[in-house]
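Throughout, protein chains are lettered first and strands after them, A, B, ... in sequence-line order, and every chain is numbered starting at 1.
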2 protein chains.
Amino acid sequence: MKIDPDNPADLSAQIAKAIRDAIVAGDLIVHQRLPSEAELADQFDVSRPTVREALKRLAAQSLIRTQRGATGGAFVNHLRFEEAYDQQITTSTLLLSMNAVSFDTACEARFALERACAPLAAVRRSPDHLATMRAEIHRQSQPGLSDEAFCASDVTFHRALVDATGNPVLSYQLAGAVEAMQPLMNMITFTARDRSAIIDLHQKIADAIEAHDERNAADGLHALEVETRTLAQSVMTARAARS
Amino acid sequence: MKIDPDNPADLSAQIAKAIRDAIVAGDLIVHQRLPSEAELADQFDVSRPTVREALKRLAAQSLIRTQRGATGGAFVNHLRFEEAYDQQITTSTLLLSMNAVSFDTACEARFALERACAPLAAVRRSPDHLATMRAEIHRQSQPGLSDEAFCASDVTFHRALVDATGNPVLSYQLAGAVEAMQPLMNMITFTARDRSAIIDLHQKIADAIEAHDERNAADGLHALEVETRTLAQSVMTARAARS
DNA sequence: GACTGATAAATGTCAGACATATAAATGTAT
DNA sequence: ATACATTTATATGTCTGACATTTATCAGTC
């Protein structure tokens, strides 16, 4: 893990890669302490600021954490699902906005993946997840709710549905797909009629999940996808006509 | 975007967060040049090394790129799907290994998501994607193939299947799910009989995709999931008995 | 024995300097 | 006048040395 070519550029990137590879390969195990910055600087034959830049790169990916003080240093971080969510969401959100992904494409992907969760969620849903879904449905039917709050509640509802699968890998993968849609959804103005249609479908989905009816859950999600896409379509055409 | 409390710790993290938020919020648009390191140091009232650590954090997330020279500096990076794959795969791989995710859990998530791609792939598959799948099936039936090469070909086959949906968001999301399984798969020793069963299912899936038969494609994936899980199960029990 | 202070080790931060890459401006020769 | 070479300015990349801050450990005192 100590090889640097004579290329004296991007030293910190090279060092970060060397350490990252060691972690991924399992040469550095979780909670293990890395050598101190001074020792690393010695080993790689660079200065301490260069080592620090490399460590900050790794910290940005949550691969290490640092601790100050006498017994401090850089430690291989135990990457938890919860910590990975944020990165996943940030990356997914930027991917959608920067690549000008159409609403249809993002919507198709999100609901395709979510439908994949429906059968598992219908089998394994706990009372807890059901209660969250019901509570969000109730929140969504409050009259004074802003569009943003409506969207946020929508996200919570769908994440509860995904979490109901009891599979943390699915929850992690879907976090990006569901949350990254929020900025796109926030561009939509929901009429009372729109909200009512969405809430009805949420109700249908929650009922199906409660009844262990995977077929109706998937059907509900499909109907919700159609509803969302036509809704977005009409908003887009209305906006195009106005301008 | 210039707020730093008087807390004189983690300055580089705070600065990175401020810039990251500005990018995500759209205040800094793609390809836009950030102020020079010296100017940023002035604005945030910190030293240049601290600014540099913040910029390296952002570079690690592919949010910015840097260029040396007269017209150089830090630029908001256009995050492409291809660049995001690596991060996604690294994170997913570490998540599985560090959280001791069971083979069953990872396998369930991966095939659930992949089955969600089957209908779209069956409708939209191009000759190109089909050719890749056929080529990988052929490679997998070569006699002298190592287990690692067999797994690698398996990954290529499944990624072609996902890419056949023509939805880059799906390809991105599935990249982590499919590739992160590889280290787990590599722990398995495949007998000739095992390989034959897998290849037969790959054949069935490819045939279904070619025939636009989404039902058989999903069925084939389901059978492959069962096959993979029983295979892993037998390997695990054999290993437990040996020790 | 419990509390207090000194010590040491590590990260966090700073200042100034030099090295290097690169584009633009300048100068020179054909 | 154009093409090419040189200089110059600007920015990142790196190094050195220093100080500040946090924190665990050890020594000392009541």
Side-chain angles (χ1 to χ4, degrees), chain A residues 2-20 23 28 30-78, chain B residues 2-20 23 28 30-78:
Chain A
K2 283 115 194 179
I3 299 143
D4 279 346
D6 302 308
N7 178 8
D10 284 330
L11 286 179
S12 72
Q14 292 177 38
I15 294 170
K17 182 178 188 315
I19 298 176
R20 177 164 42 241
I23 292 175
L28 294 170
V30 70
H31 293 158
Q32 186 172 341
R33 182 180 172 280
L34 299 181
S36 72
E37 295 175 354
E39 287 174 297
L40 285 172
D42 240 31
Q43 285 182 28
F44 287 110
D45 201 36
V46 298
S47 66
R48 196 159 83 93
T50 303
V51 167
R52 280 184 63 80
E53 286 178 10
L55 293 180
K56 295 312 170 196
R57 288 178 191 261
L58 298 175
Q61 297 181 301
S62 303
L63 295 186
I64 64 169
R65 67 179 187 284
T66 57
Q67 217 172 355
R68 296 178 70 172
T71 58
F75 298 83
V76 178
N77 192 31
H78 183 162
Chain B
K2 284 115 193 175
I3 301 143
D4 279 347
D6 304 307
N7 179 5
D10 286 329
L11 286 178
S12 72
Q14 292 177 39
I15 294 170
K17 181 177 188 319
I19 299 177
R20 176 163 44 240
I23 294 175
L28 294 171
V30 72
H31 292 158
Q32 184 172 341
R33 182 179 173 280
L34 299 182
S36 72
E37 295 175 353
E39 287 174 297
L40 286 173
D42 245 28
Q43 286 183 29
F44 288 108
D45 199 37
V46 296
S47 67
R48 197 159 82 90
T50 301
V51 167
R52 281 183 62 78
E53 287 178 9
L55 293 180
K56 293 314 168 194
R57 288 177 190 263
L58 298 175
Q61 298 182 299
S62 302
L63 294 187
I64 63 169
R65 64 179 190 285
T66 58
Q67 216 174 352
R68 293 177 71 171
T71 60
F75 298 84
V76 179
N77 192 32
H78 183 163

Practice task
Would you kindly give the CG-to-P distance between A:D10 and C:dT20, to the nearest whole Å?
Solution key: 15 Å

Problem - Rounded interatomic separation in angstrom, taking CD from B:E53 and P from D:dG13 - result: 14 Å

Handout entry: Verdict with reasoning, B:L34 to B:I19, per side chain to side chain contact (heavy atoms under 4.5 Å, CB included)
Key = CA-CA 9 Å; B:L34 299 182; B:I19 299 177; 4.2 Å; yes

Practice task
Return the value, rounded to whole Å, for the distance between atom CG of A:D45 and atom C1' of D:dT16.
Solution key: 14 Å

Problem - Verdict with supporting geometry, B:H31 and B:F75, side chain to side chain contact (heavy atoms under 4.5 Å, CB included) - result: CA-CA 5 Å; B:H31 292 158; B:F75 298 84; 5.8 Å; no

Fill in the blank from the handout: In B/S/- notation (B base, S sugar-phosphate only, - none; protein heavy atoms under 4.0 Å), nucleotides 5-11 of chain C written 5' to 3' is ----BSB

Practice task
Please confirm whether the backbone N or O of B:V76 pairs with a side-chain atom of B:R65, one donor and one acceptor, at under 3.5 Å?
Solution key: yes

Handout entry: Presence of A:T50 side-chain N/O under 4.0 Å of D:dC15 phosphate oxygens OP1/OP2
Key = yes

Exercise for the section: Without swapping roles, check the side chain of A:R33 against the backbone of A:G72 for a donor-acceptor pair under 3.5 Å. Expected result: yes

Practice task
Indicate yes or no: at least one non-hydrogen side-chain atom of A:I23 is less than 4.5 angstrom from one of A:I64.
Solution key: yes

Practice task
Using side-chain contact (heavy atoms from CB on, under 4.5 Å) as the criterion, point out the one residue from A:L40, A:D10, A:T50 that pairs with A:I15.
Solution key: A:T50

Practice task
Rounded off to whole Å, could you give me the CG-to-P distance for the A:L40 and D:dC15 pair?
Solution key: 14 Å

Exercise for the section: Can you tell me the distance, in whole Å, between the CZ atom of A:F75 and the C1' atom of D:dT23? Expected result: 12 Å

